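First, the structure itself, so that you have it in front of you.
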Number of protein chains: 2
Amino acid sequence: MANLKQLAQSLGLSITTVSRALDGYADVSASTRERVREAADKVGYRPNASARRLRRQRAELVAVTLPSDPGHIGPPHFLDILSGCAEHLAAAGLNLVIAPVPRGESELDICRRFVDGRRVDAMLLVRTKRKDERVEFLQARGIPFVTNGRTESLAPHPYIDGDGFAGFRAATLRFHAAGHRRIGHIAGPQEYYFAHDRCRGWRAAMEECGLATDLCAEGAPLEQGGYLAALELLRQPSRPTALVCTTDEMAIGALRALREVDGGNQISIVGHDDLPMGAFTSPPLSTMRMTGENLGASFASLLLRAIAGEPAAELQELHAIEFVDRDSHRRPAKAA
Amino acid sequence: MANLKQLAQSLGLSITTVSRALDGYADVSASTRERVREAADKVGYRPNASARRLRRQRAELVAVTLPSDPGHIGPPHFLDILSGCAEHLAAAGLNLVIAPVPRGESELDICRRFVDGRRVDAMLLVRTKRKDERVEFLQARGIPFVTNGRTESLAPHPYIDGDGFAGFRAATLRFHAAGHRRIGHIAGPQEYYFAHDRCRGWRAAMEECGLATDLCAEGAPLEQGGYLAALELLRQPSRPTALVCTTDEMAIGALRALREVDGGNQISIVGHDDLPMGAFTSPPLSTMRMTGENLGASFASLLLRAIAGEPAAELQELHAIEFVDRDSHRRPAKAA
DNA sequence: CTTGACACCCAAAACGTTTTGGAGAATTCT
DNA sequence: AGAATTCTCCAAAACGTTTTGGGTGTCAAG
């Protein structure tokens, strides 16, 4: 309601003293400090954020870019993560702004706008590509940032990611141990790191087992993409008996394809993300998920430490993948 | 990278002229304007957001409060709505910040912080209560805001809401027309407007049909809440043959209760929200949803118009509810 | 030649804070 | 008593814009 000048005037003090009193500096006497605080409380004084930001040369803001186009916005708990992140950032005086990418603009444009307009102190990037121009741009500008997902960037940068390679390798090996020999992979767009990483995991396991890696079909990371990719694999002369799918959404699409082609329930399947709806599919979808709780807090912590100037190499978290066994991975190895 | 002063110096012009040239004022010659624009483009000049905000007395920010506690964060497409809203706000130069409510603080505290620190030009409120202190506060302060959900506030305020009363009345009447006479309602916390509104719709239909309104149980707007409330209704001497549930999550909980108590599939059920997982429950969950596409754009438009000073009474959108018929509402009226 | 009108430009104020570099008074030390 | 130190406080600068209120020429009209 009021500003520093009015508050100072009403107290018969200088702006400086009031400001310092509120910030708890030692060079204002305890009695004055108390007097100032009481007056500030009474009129409900809050420093004007814009003025403070201008003077301090800090935006007090962090932006997260939201991919709007194809593989859309991520799993439903993504908002919970953002919310948790925002909450922890707020405790440090930072607010989180969401920056969707409008049609016709690239994510790079968004970064540029935020960074060059000094609108943010740091950025949070999701859905990294193997070669990610946003990462390169921010590294060149020297702006702190954290990504959800790794990249193939030469210079290290802070990230949080799941170990998709290990997860998909383990899932594939498990199918092999259960007797499966024709294990197919439903891949996502390989430009995305997570899709490529998971594909590599499947491929590595297959090669370790001396199996052919021909049963791989790529599609959009959506229900429809999984459906089409599964149909493609089911058309092969030697069908898969098990399917390792890059995402749950694709797995659910694959489930639909299976139902249509052979009445379903003959082919084992596993996805990734632990979507809530996976509990209700038939058969209930076995899946994987990244371990670690309160990811939002981790993102916030990494962001704050990046802003504080910690070296990137110390700000990397690779989380293990855990299985969420329901039922869809238990079909027999020898299909009809 | 650069600021106005440096840009002006390099051009041999005053700060004023450069600023006005970039803003397209007519009192700078076309040739100068062009020259300035080119130079600005070349060095990638963007006005410093904090300085502009301070001078203009606008925060260029809108905050949305995210309830973190009990009925959590809303349907999965909520983030899509926010994203759409943010995108349209961005076109008007506003960014959307998400403001989760930390433990120990009230939503009112959040509003106070944002408003009194002049951190926002407007606010977006979700999950309104019938008597909502946030609404009262913002009205008293004269800050523009839009709510998702109505309130019982005497003074009108901008909102977007679904017509829960009409929707739940129609759903109940439809059960009646199908021969049901014992139609139960699984209610949400009645302090929330949406929960109360939907409950009123059910009650109104029951009274119109001359039926008793004893089959009503309240629970938290979660799976567990619906489960417990359904169990309560199933313990009645004269059981319901149909259940109208305040949310899909509660309906899914009710489905679980039904499965446990009588093997399921005997009692009709309908929810609200059109959660994706409803398509996979057994039986597939019949539900309702608010009509209208691109809600995010609507929120943005209302916010902008509220900021522009349009009277609140013209900024209210009540959307019809439509049925999403799957299978769970088709059980016979006479249960075992 | 004077008077407006017009086109183009600029100095300075303002937005509300934080921070720098003291100033004056009181206290302690020598 | 004088010097040094500590305790309080403050004036002014700075952050980078936008906007106000002219100022200086040029040109046409009177």
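A quick note: this is a predicted structure, and the numbers were derived from the prediction, not measured. Proteins come first, then strands; the chains are lettered A, B, ... in the order of their sequence lines, and each starts at number 1.
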I want to verify a distance call: between C:dC9, C:dG16, D:dT19, whose nearest atom is closest to the A:Asn48 side chain? C:dG16
For D:dG16, does OP1 or OP2 lie under 4.0 Å from any side-chain N or O of B:Tyr45? no
Less than 4.0 Å between a side-chain N and a carboxylate O, is that true for B:Glu105 and B:Arg113? yes
Going by the angle between their ring planes, with limits at 30° and 60°, are B:Tyr159 and B:His157 parallel, tilted or perpendicular? perpendicular
Write down the distance between CG (A:Leu22) and P (C:dG16), rounded to a whole number of angstrom. 16 Å
Determine whether A:Glu60 and A:Arg52 satisfy the following criterion, salt bridge (Lys or Arg N to Asp or Glu O under 4.0 Å), listing intermediate values before the conclusion. CA-CA 10 Å; A:Glu60 298 180 355; A:Arg52 193 230 302 265; 3.0 Å; yes
To the nearest 0.5 Å, tell me how far B:Thr65 OG1 sits from B:Asp109 CG. 12.0 Å
Rounding to an integer number of Å, can you tell me how far A:Tyr25 OH sits from C:dT19 P? 5 Å
With a 4.0 Å limit, can you tell me whether A:Ser14 has a side-chain N or O closer than that to the phosphate oxygens OP1/OP2 of D:dC10? yes
With no hydrogens and no angle check, is any side-chain donor or acceptor of A:Arg130 less than 3.5 Å from a backbone partner on A:Glu191? no
Between D:dC10 (P) and A:Lys5 (NZ): distance, integer Å: 16 Å
Tell me which nucleotide among C:dT17, C:dG21, D:dT8 gets nearest to the side chain of A:Ile15. C:dT17
Look at the side chain of B:Asp27 and the base of C:dC8, then say whether one donor and one acceptor between them are separated by less than 3.5 Å. no
A:Asn294, A:Leu303, A:Leu94 screened by side chain to side chain contact (heavy atoms under 4.5 Å, CB included) with A:Cys85, the one that passes: A:Leu303
What nucleic acid atoms does B:Ser29 come within less than 4.0 Å of, heavy atoms only: base, sugar-phosphate, or nothing? sugar-phosphate
Base, sugar-phosphate or nothing for A:Thr32? Non-hydrogen atoms, less than 4.0 Å. sugar-phosphate
DNA chain D nearest-nucleotide lookup for A:Ala30 and B:Pro47: closer to the 5′ end is A:Ala30
Could you tell me whether the phosphate oxygens of D:dC10, OP1 or OP2, come under 4.0 Å of any side-chain nitrogen or oxygen in A:Thr17? yes
Identify whether the distance between the nearest side-chain nitrogen and carboxylate oxygen of A:Arg150 and A:Asp161 falls below 4.0 Å. yes
Strictly below 4.0 Å, N to O, side chains only: are B:Arg305 and B:Glu314 in salt-bridge contact? no
When the distance from CG of A:Asp23 to P of D:dC9 is rounded to whole Å, what number comes out? 16 Å
C:dT17 C1' sits how many Å from B:Asp116 CG, rounded? 17 Å
Check every atom of C:dC9, D:dG16, C:dT18 against the side chain of A:Leu4 and return the nucleotide holding the closest atom. C:dT18
Could you give the CZ-to-C1' distance, from A:Arg33 to D:dC7, as a whole number of Å? 12 Å
Within residues 52-63 of chain A, those residues having any heavy atom closer than 4.0 Å to DNA chain D are A:Leu54, A:Arg55, A:Gln57
Counting only side-chain heavy atoms from C-beta out, which of C:dC10, C:dT17, C:dG21 sits nearest to B:Thr16? C:dC10
Quick check for you: among C:dT17, C:dC8, C:dC10, whose closest atom lies nearest to any side-chain atom of A:Ala51? C:dT17
